[in-house]
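Report on one structure; see the data block that follows.
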Amino acid sequence: MRDLYLSNCEKNFIQKIISEGHRLDGRIYNESRKLDISYGSEYGSCIVSLGETKILAQVSCEVVQPKQIRPNEGILFINVEISPMAAPQFEANRQTDLTVYLNRLLEKCYKDSKCIDLESLCIVVEEKVWSLRVDIKVLNHDGNLIECASIATLASLAHFKRPDVTRSGDSIIIHTLSEKDPIPTVLYHYPVCVTFAIFNNNILVSDPSFIEESVCTSNSEEGSTGGLLVVGMNQYKELCVLNLSGAAIYNSNVVHKAILNAAEKCKNIVEEVKSKIVTDDNFRQKRVKINFADIITTDHIQTLCKKDLSICLKNFKINDVKQEDDSEMSEDNVTEDSKYDVVATKPNVAEIKSKEAKSSWIEISSESEED
C-alpha cells in the first residue's frame with residue numbers, strides 16, 4: 001500500500017474549520033452521511049453506501065467438518081478485500097494493515113459477541129456443520145470503512161437464508177429453493193460499529209470522511225490531540241466492541257460521550273436494516289425483480305458517482321448580482337451568451353467546458369480502413 005500524505009496547509013485548514021464548528025461537507029459534529037442499503041437477487045447479497053463509501057457484502061455457505069473443540073457449532077468466517085478500485089493507493093491481491101484491522105474488528109463484533117446462533121448451523125454432531133463465509137469487497141473508499149463494513153456484514157447476515165437439509169440414515173440431502181423454503185440465520189442481537197474522529201482532545205466528529213480520518217490519525221501519531229474511536233453496540237445499548245487510539249486512551253470523558261452518542265445511532269441503524277429486510281421480503285413475495293440495477297445510474301460514465309453538485313455560499317444576495325449585470329449590459333450593450341458552461345463531473349468538483357466543442361462517436365467503415 002502506497003502512503004498518502006497530506007500537506008500542512010490541508011491539515012491546518014481541516015483543524016481550523018472543525019475547531020470553529022464547521023466541516024467540509026457542511027455537516028455538524030453528530031451528523032452522519034446518507035445511508036443506503038440495496039439487496040441483490042440472491043439471499044445475503046447487498047451493497048451499502050455511506051455517503052461515497054460503498055461496500056459489497058456476500059454471504060455463502062457450505063457443509064464442512066466442525067472444529068474438535070466445538071463439535072456442535074457451525075463456523076463463521078469473515079474476509080475483507082480492498083482492491084485498487086476502492087482507492088489508487090491500494091494494491092491488488094495484497095493484504096494491508098487496514099485489511100487486518102477491519103478483519104479483527106468485525107470478528108470481535110460478530111464472533112466474540114455471540115450474536116449468531118452457531119449451534120443452529122449444526123447438521124450432525126462431530127461430523128457435518130454449516131460454514132458461513134462473509135466476503136466484503138470495498139468498492140469505493142471515502143472514509144469510515146469500519147462502520148460501512150459492519151452495516152454491510154449485519155445486513156447480509158440478517159438477509160441470508162441457507163438451504164434446508166434432510167437426513168435419511170447416513171446420507172444428507174440438501175434441498176434446493178424450489179423444493180423447500182430456505183432457513184434464515186438466527187441472530188440474538190444486531191451489533192453495529194460506529195466510528196468517531198477526535199480533534200483537539202475533546203471534539204468528537206461522527207462518521208469522518210477520508211480527509212478527516214487522515215488528519216486525526218496523523219495528529220495521533222504526532223501527539224495525543226487526535227485519534228479514532230470505534231464503538232460497537234447493539235439495539236439494546238449493550239457494548240460489544242471498544243477500540244481506542246490516540247487521545248481516546250487518555251481522556252475518559254470523550255469515551256463516555258462517544259458511547260452515549262453511539263447508543264442512539266446504532267439503534268437507528270438497526271431499525272433501518274430491519275425495515276429494508278421487510279421491504280425486500282414483500283417484494284420477493286410479489287415476484288418483483290430485484291437486482292442492483294436500480295442503484296446504478298446509466299447517464300454517467302462513473303456509475304457509482306453522483307452527478308449533482310450543490311454549492312452553498314454565505315453572505316450572498318442574488319439582487320445585488322442582477323443589478324451589477326444590468327448595469328454592465330447597459331454600458332457595454334453586450335448580448336452574446338457565454339461560450340462556456342460549468343459542468344459537475346464528480347462530487348464537489350466542477351469543470352469549465354466549451355459549448356461549441358461537443359464529442360461524438362465517429363463510425364469508420366471497412367472501406368475507409370482499407371484506403
Side-chain angles (χ1 to χ4, degrees), residues 1 4 23-25 27 31-42 44-60 78-92 96 98-99 101-103 105-106 109 134-160 192-195 197 206-214 228 230 265 268-270 272-273 275-277 279-280 290-310 344-349:
M1 175 180 175
L4 260 174
R23 299 174 72 174
L24 279 179
D25 47 10
R27 292 181 289 156
E31 186 179 357
S32 300
R33 291 172 290 183
K34 182 182 178 182
L35 175 63
D36 187 19
I37 303 174
S38 302
Y39 289 104
S41 57
E42 297 182 359
S45 176
C46 70
I47 290 181
V48 176
S49 302
L50 190 62
E52 291 301 316
T53 300
K54 302 178 187 296
I55 289 182
L56 169 66
Q58 174 67 57
V59 180
S60 57
I78 300 175
N79 178 46
V80 181
E81 182 181 353
I82 307 177
S83 64
M85 181 175 60
Q89 66 265 25
F90 298 103
E91 298 180 8
T96 62
L98 179 60
T99 307
Y101 170 74
L102 293 175
N103 265 317
L105 278 182
L106 293 176
C109 184
V134 184
D135 290 302
I136 299 172
K137 178 80 171 180
V138 180
L139 304 179
N140 190 32
H141 179 23
D142 191 32
N144 201 4
L145 282 181
I146 179 60
E147 183 173 342
C148 189
S150 67
I151 297 173
T153 304
L154 176 63
S156 59
L157 285 173
H159 184 257
F160 179 71
V192 178
C193 293
V194 180
T195 307
S206 177
D207 188 16
S209 61
F210 176 75
I211 189 169
E212 290 173 346
E213 276 188 352
S214 304
L228 286 177
V230 179
K265 186 177 178 181
N268 296 333
I269 292 175
V270 171
E272 179 72 15
V273 171
S275 64
K276 290 288 186 180
I277 292 177
T279 304
D280 182 79
I290 301 173
N291 49 35
F292 292 136
D294 297 335
I295 65 173
I296 299 177
T297 58
T298 57
D299 57 346
H300 200 273
I301 297 176
Q302 296 176 341
T303 56
L304 294 180
C305 187
K306 289 184 178 178
K307 192 176 181 181
D308 299 334
L309 178 67
S310 59
T345 55
K346 293 189 292 185
N348 302 328
V349 177

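What you see is a predicted model; the values in this text were computed from it and never measured.
- To the nearest 0.5 Å, the span separating OG1 on T195 from CG on L105 amounts to 8.5 Å.
- The distance from the OG atom of S60 to the CD atom of E42 is 10.0 Å, given to the nearest 0.5 Å.
- The two residues A152 and C46 have their closest heavy-atom pair at O-SG, 3.7 Å.
- Distance check: K137 NZ to M85 CE gives 5.0 Å after rounding to the nearest 0.5 Å.
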Derivation and outcome, salt bridge (charged side-chain N to carboxylate O under 4.0 Å, His left out), residues R33 and D142: CA-CA 11 Å; R33 291 172 290 183; D142 191 32; 3.5 Å; yes
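- Between D36 and K276, the closest side-chain pair of non-hydrogen atoms falls below 4.5 Å.
- For the atom pair CD (E212) and CG (L228), the distance works out to 10.5 Å, reported to the nearest 0.5 Å.
- Side chain of R23 to backbone of R27: no donor-acceptor contact under 3.5 angstrom is found.
- Residues V138 and F90 are not in side-chain contact: their nearest non-hydrogen atoms beyond the backbone lie 4.5 Å or more apart.
- Shortest non-hydrogen contact noted between Y39 and I290 is O-CG2, 3.5 Å.
- Between F210 and H141, the ring planes are perpendicular. Angles over 60° get that label, and only those under 30° would be called parallel.
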Step-by-step side chain to side chain contact (heavy atoms under 4.5 Å, CB included) determination, Y101 to T96: CA-CA 9 Å; Y101 170 74; T96 62; over 6 Å; no
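- Between N144 and I146 the shortest side-chain heavy-atom distance falls below 4.5 Å.
- One finds the CD1 atom of I37 at 12.0 Å from the CD1 atom of I47 (value rounded to the nearest 0.5 Å).
- S156 and V134 make their closest contact through OG-CG1, 4.1 Å (heavy atoms, listed as atom of the first residue, atom of the second, distance).
- We find the CD1-CD distance between I277 and E272 to be 11.0 Å, quoted to the nearest 0.5 Å.
- Nearest approach of A149 to I136, heavy atoms of both residues: O-CD1, 4.2 Å.
- A donor-acceptor distance shorter than 3.5 angstrom exists from the side chain of N140 to the backbone of E52, with no hydrogens or angles considered.
- The shortest non-hydrogen separation linking D280 to H159 is OD2-NE2, 2.7 Å.
- Scanning all heavy atoms of the two residues, the minimum distance from V80 to T99 falls at O-CG2, 3.2 Å.
- Proximity of a side-chain donor or acceptor of T53 to a complementary backbone N or O of G143 within less than 3.5 Å is detected.
- Taking the side chain as every heavy atom from C-beta outward, I82 and L145 approach each other to under 4.5 Å.
- Few gaps surround CD on E81; more than 12 heavy atoms of other groups in view lie less than 6.0 Å from it.
- No hydrogens or angles considered: nothing links the side chains of T153 and S150 as a donor-acceptor pair under 3.5 Å.
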